[in-house]
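Okay, so here's the structure we're looking at.
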Amino acid sequence: MDKNKVEEAVYNLLIALGENPEREGLKDTPRRVANMYEELLEAPELEYTKFEENCKDIVLIKDIEFSSMCEHHLMPFFGVAHIAYIPNGKIIGISKLARIVEKYARRLQVQERMMNQIVEDIKTNLETEDVAICIEAKHMCMVARGIKKVNAKTITSKFTGAFQNSENKNEFYSLLNSRR
Ligand SMILES: [Zn+2]
């Protein structure tokens with residue numbers, strides 16, 4: 001990311017919006033926005049530490065919080081991801097799954113693509129075909145403008161491999177709904 005260019009662009013945006021970018025409250029806004037974009041859009045490097053483990057049961061991590069940026073409106077969308085997989089000889093540190101979500105959240109995104117990228121990442125890195133994911137998010141571009149549905153959530157889900165059979169799918173949802 002070219003932070004100087006971002007600052008310059010925000011400065012020009014303020015002018016385009018009819019504002020005076022030199023006034024007190026706006027003077028540091030271009031710099032602040034550039035720092036914010038850096039934080040929101042640059043994912044840290046991720047190391048995949050895997051462990052051999054002969055586990056064939058569903059591993060579910062729920063309520064992984066994330067915040068991303070809608071590429072259609074440059075406004076945040078945020079919520080939680082629930083991810084399950086069935087290990088195929090390898091498991092990954094639980095916190096790493098949260099980092100995988102972060103890796104794909106911190107870029108200009110759409111929810112559907114983010115979901116697919118997370119699934120593909122897990123399939124590739126854990127060498128399993130069996131992944132389930134459900135993402136629940138609020139999109140600021142829906143909340144603050146257009147149809148103004150403040151409480152609307154967008155829910156997307158995807159099931160691959162063994163999660164396509166209804167037994168595992170039901171297990172996923174019952175684990176998800178337990179103790180909520
Ligand atoms: Zn949007």
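Positions are given from 1, in the same order as the sequence printed here. Read the numbers this way: they start at 1 and go in the same order the structure lists the ligands and their atoms. Every heavy atom of this structure was used, including side-chain atoms; hydrogens, water molecules and symmetry mates were not.
The residues Lys90 and Glu52 are annotated as not salt-bridged, no charged nitrogen and carboxylate oxygen being separated by less than 4.0 angstrom. Taking the charged nitrogens against the carboxylate oxygens, Arg99 and Glu102 do have a contact shorter than 4.0 Å, which makes a salt bridge. Lys123 and Glu127 are not joined by a salt bridge, as no carboxylate oxygen comes within less than 4.0 angstrom of a charged side-chain nitrogen.
For the Zn ion (ligand 1), the set of nearby N, O or S atoms under 2.8 Å includes one belonging to Cys141. At a cut-off of 2.8 Å, Cys70 coordinates the Zn ion (ligand 1) through an N, O or S atom.
Gln117 pairs by the side chain to side chain contact (heavy atoms under 4.5 Å, CB included) definition with Tyr104, Arg107, Gln109, Arg113, not counting sequence neighbours.
Looking only at N/O/S atoms, His73 comes nearest to the Zn ion (ligand 1) through ND1.
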